[in-house]
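Reading through the structure tokens given below for one structure.
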Number of protein chains: 2
Amino acid sequence: MINQNIKIAVDAIVFGYHNGIVYVLAVQQKFGKLANHWVLPGGFIRDDEPLIQGVERELQEETGVTVSYLEQLKTFGDDVARDERFRVISVAYFALVNPKNFVLKADTDAKNAKWFAIKDVPKLGYEHNEMVQLAHARLKNKLTYQPIGFDLLDQEFLFSDLENLYCSILEQDIDRRNFRKKILSFGILEETGKVVKKGSSGRPGELFSFDKEKYDQLLKDNFQFEIKFA
Amino acid sequence: MINQNIKIAVDAIVFGYHNGIVYVLAVQQKFGKLANHWVLPGGFIRDDEPLIQGVERELQEETGVTVSYLEQLKTFGDDVARDERFRVISVAYFALVNPKNFVLKADTDAKNAKWFAIKDVPKLGYEHNEMVQLAHARLKNKLTYQPIGFDLLDQEFLFSDLENLYCSILEQDIDRRNFRKKILSFGILEETGKVVKKGSSGRPGELFSFDKEKYDQLLKDNFQFEIKFA
DNA sequence: TCAAAAGTGTTCGATATACACCCATGC
DNA sequence: GCATGGGTGTATATCGAACACTTTTGA
């Protein structure tokens with residue numbers, strides 16, 4: 001019989017985006033050694049529950065947030081002395097939310113959940129700052145070779161929204177013309193025909209939406225989403 | 001107190017390369033439900049042992065193989081009913097070996113370890129075939145944007161060795177001239193000055209070695225190793 | 001008519017691709 | 001001298017980078 005005293009947890013690094021700022025979701029712990037400290041949402045996995053389901057459950061319970069993108073990031077577990085009672089190994093997940101799910105639902109016991117601008121993330125418990133850093137790097141990187149930016153925007157968006165998203169996440173200027181040309185050349189955007197204006201002046205812009213079916217179809221044909229900047 | 005009956009294991013997908021063929025290391029299980037079945041090397045982690053150390057230990061114990069590259073791949077654990085006694089969650093590691101470590105050391109109890117050509121990997125226990133597939137994809141992919149090919153070659157190698165490695169792993173033809181031009185342009189190879197001839201005829205070729213220091217230095221300067229083929 | 005945001009093309013340089021012949025060696 | 005593998009250069013096409021003015025709207 002295996003003698004092993006280790007517990008498995010999952011944690012989520014959830015990114016939101018609004019108005020040029022990237023946010024990360026954190027919760028304030030109620031009990032234990034780290035009571036009142038901020039940590040990433042997450043918790044121990046149940047015996048009969050797939051990992052990803054565990055993440056979704058914890059997110060729901062602790063924050064009321066539903067994510068639009070979720071993928072495994074990395075498993076952390078070398079901090080052997082993290083807890084006195086047993087070692088904890090934590091599978092970290094990388095997640096994105098839509099603006100419409102950006103708000104914290106008030107009807108859960110989520111009063112301890114909060115969005116922090118990525119620049120202002122406080123010192124978190126456990127190895128969570130390390131996780132945030134890694135996830136942030138993944139976000140920046142992935143943005144350039146997978147169309148995950150759309151998961152951070154409303155379903156219908158202006159080209160300028162997409163452009164600003166790229167600018168602020170990658171922290172660099174982008175040539176509007178080249179960017180538009182490139183993205184449109186992929187043929188994965190759908191013109192909705194609608195136009196709206198942002199703010200109270202300026203020319204109204206056209207709304208686009210991401211055509212996931214088209215994208216999946218292109219993938220089969222060896223299509224590679226990729227965008228680089230000077 | 002958390003009630004959780006899950007055990008943590010690590011498994012390694014170890015790739016070796018020789019003569020145009022990619023090999024994967026597997027071991028034959030001695031006990032348990034899967035006695036005599038082939039599985040990936042690995043096993044349960046000890047309470048006080050970092051994950052990566054666990055992988056190295058298990059590899060050493062089961063196969064006597066020392067790897068030259070090791071990175072976490074993915075954590076598998078959704079097969080809730082894999083074992084009747086408890087659920088097992090396994091952290092899979094991706095590894096590469098040098099030709100000089102390709103041989104299985106006879107002095108361990110490694111008589112059950114074996115290299116399988118990637119094309120001939122048998123049905124493995126647990127989710128191990130899935131792991132191999134994922135690792136294989138990672139290998140192919142990573143070869144194009146990180147200089148990991150050198151970890152599969154001898155320290156000193158002919159250009160043709162490197163070229164054949166790329167050909168066989170990526171399963172496509174490569175233009176020798178363009179390949180050489182590209183790789184040399186990175187400036188991460190060192191000319192040893194030595195020449196050797198391969199086989200019993202033909203012009204002798206120059207031996208190169210990978211200059212890791214140079215590469216690390218270039219990385220700081222925003223260098224990007226990247227190689228693509230038509 | 002001015003301020004604010006949206007839309008749009010062209011030129012230039014860099015890099016990827018395609019492609020074929022000569023060289024050194026052992027037999 | 002021939003078979004085997006090693007080494008090399010050029011022309012073209014493609015793609016990324018740089019760059020500025022016009023349009024629509026509300027105030």
Side-chain angles (χ1 to χ4, degrees), chain A residues 18-20 143-145 153-154 156-168 170 172-209 218 222-230, chain B residues 18-20 143-145 153-154 156-168 170 172-209 218 222-230:
Chain A
H18 181 67
N19 239 231
L143 207 57
T144 69
Y145 67 86
L153 293 177
D154 281 313
E156 302 193 331
F157 52 86
L158 294 167
F159 228 100
S160 58
D161 292 329
L162 189 63
E163 190 197 317
N164 288 143
L165 175 88
Y166 272 80
C167 281
S168 30
L170 299 178
Q172 59 183 305
D173 290 341
I174 292 178
D175 182 286
R176 282 170 55 221
R177 283 171 290 190
N178 291 339
F179 181 73
R180 188 184 181 108
K181 224 182 306 173
K182 185 73 181 166
I183 298 277
L184 285 178
S185 77
F186 293 148
I188 55 176
L189 290 194
E190 212 166 10
E191 310 182 7
T192 64
K194 303 175 210 167
V195 289
V196 294
K197 65 177 182 308
K198 193 157 186 174
S200 62
S201 80
R203 173 174 175 175
E206 199 182 341
L207 285 174
F208 291 86
S209 67
L218 284 169
N222 255 10
F223 166 76
Q224 170 69 319
F225 180 97
E226 186 163 28
I227 186 155
K228 291 196 177 157
F229 310 96
Chain B
H18 181 69
N19 241 233
L143 207 57
T144 68
Y145 67 87
L153 292 178
D154 280 311
E156 302 193 330
F157 52 86
L158 294 167
F159 228 100
S160 58
D161 291 329
L162 188 63
E163 189 197 316
N164 287 143
L165 175 88
Y166 271 80
C167 280
S168 32
L170 299 178
Q172 59 182 305
D173 289 342
I174 292 178
D175 182 286
R176 282 168 57 219
R177 282 171 291 189
N178 293 338
F179 180 75
R180 187 183 182 111
K181 226 183 303 172
K182 184 75 180 167
I183 298 276
L184 285 178
S185 76
F186 294 147
I188 55 176
L189 289 195
E190 212 167 11
E191 309 182 6
T192 64
K194 305 175 206 165
V195 288
V196 295
K197 66 177 182 306
K198 194 156 185 174
S200 62
S201 79
R203 173 177 173 173
E206 198 182 343
L207 284 175
F208 291 87
S209 67
L218 285 168
N222 255 8
F223 166 75
Q224 171 68 319
F225 180 97
E226 185 164 27
I227 186 156
K228 291 197 175 157
F229 310 96

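Note that these values count all heavy atoms, side chains included, but never hydrogens, waters or copies made by symmetry. Residue numbers begin at 1 in each chain, while the letters A, B, ... track the order of the sequences.
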Could you state the atom-to-atom distance from CD1 of A:Ile174 to C1' of D:dG16 in whole Å? 14 Å
A:Leu189 side, atom CG; A:Phe159 side, atom CZ - distance, nearest 0.5 Å: 5.5 Å
For B:Phe225 and B:Phe186, take the angle between the two ring planes, folded into 0 to 90°, and tell me which bin it lands in: parallel under 30, tilted 30 to 60, perpendicular over 60. tilted
Round to a whole Å and report the spacing from CZ of B:Phe179 to C1' of D:dG9. 19 Å
Counting heavy atoms from C-beta on, name the nucleotide in D:dG6, C:dT25, D:dT23 closest to the side chain of B:Arg176. D:dG6
Rounded to the nearest 0.5 Å, what separates atom CZ in B:Phe229 from atom OG1 in B:Thr144? 8.0 Å
Figure out the CG/P separation between A:Leu207 and C:dA5, and round it to whole Å. 17 Å
Whole-Å distance separating the CD1 atom of B:Ile183 from the P atom of D:dG7: 14 Å
Whole angstroms only, please: what is the CZ-C1' distance between B:Arg203 and C:dA24? 5 Å
How long is the span from the CG atom in A:Leu207 to the CD atom in A:Glu190, to the nearest 0.5 Å? 12.5 Å
Give the rounded distance in Å between these two atoms: NZ of B:Lys197 and P of C:dA24. 16 Å
Without decimals, in angstroms, what is the distance between B:Lys198 NZ and C:dG26 P? 17 Å
Verify the contact: side-chain N or O of A:Lys182 to OP1 or OP2 of D:dG16, cut-off strictly under 4.0 Å; return yes or no. yes
Carefully, step by step, assess A:Asn164 and A:Phe157 under the rule side-chain contact (heavy atoms from CB on, under 4.5 Å). CA-CA 11 Å; A:Asn164 288 143; A:Phe157 52 86; over 6 Å; no
Shortest non-hydrogen contact from A:Gly20 toward A:Ser168: O-CB, 3.3 Å
Which of these nucleotides, C:dG9, C:dG26, C:dA24, is closest to any side-chain atom of A:Asn178? C:dG9
What distance separates B:Asn178 CG from B:Ile183 CD1, expressed to the nearest 0.5 Å? 11.5 Å
Got a donor-acceptor pair under 3.5 Å from the side chain of B:Lys228 to the base of D:dT14? no
Got a donor-acceptor pair under 3.5 Å from the side chain of B:Arg180 to the base of D:dG7? no
Nearest atoms (heavy-atom pairs only) where B:Ile174 meets B:Glu163: CD1-O, 4.2 Å
Within residues 157-168 of chain B, the residues having a heavy atom closer than 4.0 Å to DNA chain D are B:Ser160
Specify the angle, to 10°, made by the local axes at the two ends of the helix from C:dT1-D:dA27 to C:dC27-D:dG1 when five pairs are taken at each end. 10°
Classify the side chain of B:Arg177 versus the base of C:dA18 as yes if they form a donor-acceptor pair under 3.5 Å and no if they do not. no
Inter-residue atom distance B:Asp175.CG - B:Lys181.NZ, 0.5 Å rounding: 7.5 Å
Taking only the side-chain heavy atoms of B:Pro204 (C-beta and beyond), determine which of D:dT23, D:dT25, C:dA24 contains the nearest atom. C:dA24
Classify the side chain of B:Lys181 and the base of D:dT10 as holding, or not holding, a donor-acceptor pair under 3.5 Å. yes
Point-to-point distance, once rounded to the nearest 0.5 Å, from CD of B:Glu156 to CD of B:Glu206: 11.0 Å
Could you state the CZ-P distance from A:Phe186 to D:dC15, rounded to the nearest angstrom? 12 Å
Quick check on DNA chain D: between A:Ser201 and A:Asp175, whose nearest nucleotide comes earlier from the 5' end? A:Asp175
